Structure formats: C-alpha cells, structure tokens
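Worksheet for the structure shown next.
The figures here come from the full heavy-atom set of this structure, side chains too, leaving out hydrogens, waters and symmetry mates. Letters A, B, ... mirror the listed sequences (proteins, then strands); counts begin at 1. Treat the numbers as computed from the prediction; the structure is a model and nothing was measured.
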2 protein chains.
Amino acid sequence: MSLEEPVTAQIPETKRKRGQGVGAVYETLRHEILNLTLQPGSPVDEVKLAERFGISRTPVREAMVKLAGEGLVVTLPNRFTIVAPIDFPNLSQFFDALSLMYRVTTRLAAANRTEEDLVAIRELQRGYTQAVEARDVPAMIEVNRNFHVRIAQAGRNRYYTDLFARLLDEGRRLLRLYYSSHNDALPRMYLQEHEDMIAAIDRQDIDAADRIAQAHAQQIVRQIQTYITEDRRLNADISL
Amino acid sequence: MSLEEPVTAQIPETKRKRGQGVGAVYETLRHEILNLTLQPGSPVDEVKLAERFGISRTPVREAMVKLAGEGLVVTLPNRFTIVAPIDFPNLSQFFDALSLMYRVTTRLAAANRTEEDLVAIRELQRGYTQAVEARDVPAMIEVNRNFHVRIAQAGRNRYYTDLFARLLDEGRRLLRLYYSSHNDALPRMYLQEHEDMIAAIDRQDIDAADRIAQAHAQQIVRQIQTYITEDRRLNADISL
DNA sequence: AGAATATTTATTGTCGACAATGAAAATACA
DNA sequence: TGTATTTTCATTGTCGACAATAAATATTCT
C-alpha cells in the first residue's frame, strides 16, 4: 500500500510524433496494469500521466477511454479513474470462459494450422522453456500467454482470438499474484502439456487437441483456485 | 451513394449536462450504424457531428474511440474515420463464433435461470410475436437480439454475454441487409423455435437447450448464407 | 502535353484554459 | 461536543485555437 506513486521516470525525451502519444500511454499503462506494477484499485491520475509523458491531457484521456473499453481501467464519472480491481466473486465465470476458449482455439489450430504457424508456436515454446530454466517468472507468464495466443491465431477466428487474449491477460494478473510465492514444479509440468499440445496440432488431431487443452485448462484453474484458498486462509489468520 | 450526409437534424436543444455529450454521440452513432442508417464504409465527420450535437470535437472524439474499440468504426490515422465495413470474406469466422455463443449461453441459461429471468424472457418473446404480426422488420430484428441477450444474461457469464451481444449486433447489420427483401415465413419459424427454447430453459433441460440453440443457429446461418449467395448472383448478373 | 514539383485545402491530433462537479475541510450552530 | 451548513480544493469534462498531416490542386519545367 504505497501512498507514493512509483513514478517510473519516463523522460519526455525527443518530441513525439503526432499520434504517438496516445499509443505510448496506452501501451505503457496496459503493461503496468497487467504486470501489477499498478495495483488493482489504485487511482490513475490524468495530470501526472500527462506530465510523465510530456503531453497534454487530451491524448491521455483518449488512452484511458481505450483502456476502459477493454476493462483494464474503471472510470468513476466526474470523480477519478482506477485500475480495474480483480473480480474475485465472479472468478468462476472467468474460469469457465477461459476453459472454453482454451478448447476452441486449440481445436481450430489443429484444424487450420499452417507450417509457419507451427514454426512460430515451437519458437515460443522454446522461449517458455528458457524462461522456466532461468526461473524468470515474469517472462514465463508473458511467454506462456503469447504461446497460447499464437495457437489461437493459427485457428484463424478473430472473435475467439480476441476474447482469449483478453482472458489470458486478465489471467496474467492472477498468476502474478500467486505464482512467485510457490515453487516452480508447476511450470515444468505445463512444459510437457505444451509439447503434447503442439504434437496434436502438428498431426491435426482435433479430438486430442481438445482433450489436452481441456486438461491444461483444468490444471491451471485448479491451481489458481488452490492459491486463492490458501491466500484466504492466510488473510483469515492475520485478521484474527 | 449519397454525397450529401443525411443530417438527421439533432437540435442542440437544452444545454446538455457534463458527461452527457459523449454518451449521446456514442449511443446515437451506435444505433445508426447497426440500423444501417449509416452505410458501412461511409465517412464519419467529427466536425459535423460536433455541430449536430452542439458540442465541441473533444467529446465527439472520445465517443469515436469507444466505437472504434468495439469495431463499429475504423479510424484511418491522420486521415478520417469510416463506419466499419461488413467483413464478408471472414463471415465463416463470424458464423462459427455466433453458433458457439448461441449454444453456450442457452445452455447456461437452462442451468442458472431464475423465475425473474423467465418472466423477462417471455415478455420479450411476446414483443417478438407482436413485431412478427405487425410485419415490423426493424422491430423484429431488435427484439430478437434483445431476446437472446436476455437469455445470455440468465446464464450469468459476463464474458459470454458481452461477446454474444457483440456478435448479435454485427448480425443485425447482416439481417438488415437481406431480411426485408424476402418473405416473412422465416421469422414465423423462429417464433416456434424460440418457444421450444424457452420451454427447455424453463424445465432446466440443458441438453435440449443446447440442441435447440444449435439448430436455431444453423437455421439462421444457412438463411443468411442463402441471402448472400443470391445477392452475389444478382450482382454478377449486373456486372456482366 | 506530360511528368515533376510546389501550393493550397481539408481535417486531424494536440494544446492550454476554464467551468462544473463532488469530496474534504472549515465554519456555524445546537 | 456533535451535527448541519458553507467554503475550499482537487480533478474532471469541455471548449476554441493552432499546428501537423496527407490529399487535391495548381504550377513549373522539359
């Protein structure tokens, strides 16, 4: 609970081009929110952001509207804007949708993947392996997300890809919350599941892809739920 | 192809309150886009909109960012903004996602519906019946959309409801394109399917709900595809 | 005349300023 | 001292103005 903002000194640097301002604010805020650099529920100050990026409030506001549209930020009219809180009460909705998207996108990938898709997917899997070996938790979370989004893209359905990406991003915040506080046995397990998934996609085995995706999703959901339950217990102890 | 904009005289009327401007522009544009009052691909002029609503360009722009975020409008940087074209080449993606959402939301509705949900759903079905009897095509399209969104809400999963609503909205434009040019036998058929759907949801028969939703989706998809094929033939004839 | 270059024009993206809003602080009242 | 009322304050939503951009048009040159 920091009263002081962790103002990551972003030098106004060389004068930005027309249209670069909104994009910069949007991208930066997005990453800081998903990495939990910005705490859920913490206020987002337009004026400070404008100063930080060396631009006026107008483009900052447009970036906020975009972020609000994606649910990353919540605007209290005439009051202020906060980083979207994590919606714990409705997590089951989230898990349900996430599981379905895992299945659907992996199925479609098995059906529609090209050779280039496979190359890109394997490349990301290599990156994931490296992150696991280096015990680099932030990298693992990020690469894992990109790995699954890339599979979804191989499935070639924009609607699924978009929703899945959004869900995985929301999941990034959850993983960040709980991942580092536990051992790294889990990520290693995912590694093998990912390999199986790639193999099924490679040989275009739709049913196998579906099964593996479903198991993978259940694995992750169960794990996060365990984390949360333990967390609840800890908090309960403290509050006693 | 009208060079002149159909400037629906929107009187600046009584001075709007703080925050009402963006909302008004957003809602109005949204409806005009979905009703095809604004042709897909036609330019959206910030200045004209500002004049039309009696506000400055700043709130108009924020409304545009929101609309762009939902894919209803496409912004060409430094150039102009157009009403999002209908993506005919990728319609199969759309149909796939639409069908899945029909199934998932109807299933969940059967599982989770309350008595109030049923009351609201039946009320909308009554409205649909009236629209069919009155041969009021725009009303039919609108009420049909609300009927299915309400069922999705009864399923209680925000992620599905949001995606489904978006898909149904996109579908509204397609239906508008083709509906009125054909007889009204089809809507009457949907009427019975809707009744079956409500019955399944009422008795919490998840499998039946799924089956009916799937059939309903296939029905609609096939119909639109037929429309499009006929349309293609017509256009081909003309271009010969 | 036709291509290359310069000029005009329309429209966007951004800015600094100001008024509306709602909360917090200060004051009055009991 | 505790509650109601007023004042201050921080921050938003909106405005009008201006500069950057890229297309359209005019101009020059061969």
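By the 4.0 Å N-to-carboxylate-O rule, A:Arg172 lies close enough to A:Asp169 to be salt-bridged with it. Salt bridge status for B:Asp117 with B:Arg156: present, with a side-chain N to carboxylate O gap under 4.0 Å. Look at B:Arg145 and B:Glu142 and you find no salt bridge, because none of the NZ, NE, NH1 or NH2 atoms lies under 4.0 Å from a carboxylate O.
Across the protein-nucleic acid pair, B:Ile82 atom CD1 and C:dT12 atom C1' stand 16 Å apart, rounded to whole Å. When the C1' atom of D:dG16 is taken as reference, atom CD1 of B:Ile55 falls 14 Å away, rounded to whole Å. Rounded to a whole Å, the CZ atom of B:Phe53 is 13 Å from the P atom of D:dT14. We find that CD of A:Glu51 is positioned 14 Å from P of D:dA10, with the value rounded to whole Å. Protein atom CD of B:Glu46 is 15 Å distant from nucleotide atom C1' of D:dG16, rounded to whole Å. Here the P atom of nucleotide C:dC15 and the CD atom of A:Gln20 are 13 Å apart, to the nearest Å. If you measure from atom CG of B:Leu49 to atom P of C:dT12, you get 10 Å, rounded to the nearest angstrom. For the pair B:Glu62 CD and C:dT12 C1', the interatomic distance rounds to 16 Å; values are reported in whole Å.
Using modelled atom types, one finds no donor on one side chain facing an acceptor on the other under 3.5 Å when comparing A:Arg158 with B:Asn90. Side-chain contact check for A:Glu70 and A:Tyr26: at least one donor-acceptor pair (N or O, by modelled atom type) lies under 3.5 Å.
When every heavy atom of B:Val44 is checked against every heavy atom of B:Ile82, the shortest pair comes out as CG2-C, 4.2 Å. Residues B:Ala152 and B:Thr161 approach most closely at O-OG1, 3.6 Å, considering heavy atoms.
Note that OG1 of B:Thr81 and CD of B:Glu46 are 6.0 Å apart. Values are rounded to the nearest 0.5 Å. From A:Leu98, atom CG reaches atom OH of B:Tyr159 across 9.5 Å, with rounding to the nearest 0.5 Å.
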Listing time: all N or O pairs from protein to nucleotides 21-25 of chain D that are below 3.5 Å?
unit_1, atom_1, unit_2, atom_2, d
D:dA23, O4', B:Arg79, NH1, 3.4

Pairs under 3.5 angstrom, nitrogen or oxygen only, protein versus nucleotides 6-8 of chain D, please.
none

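Contact check, A:Thr58 against C:dT14: no side-chain N or O comes under 4.0 Å of OP1 or OP2.
The residue among B:Thr81 and A:Ser56 whose nearest nucleotide of DNA chain C lies closer to the 5′ end is B:Thr81. Nucleotides of DNA chain C nearest to A:Arg57 and B:Arg57 differ in position, and the one nearer the 5' end is that of B:Arg57.
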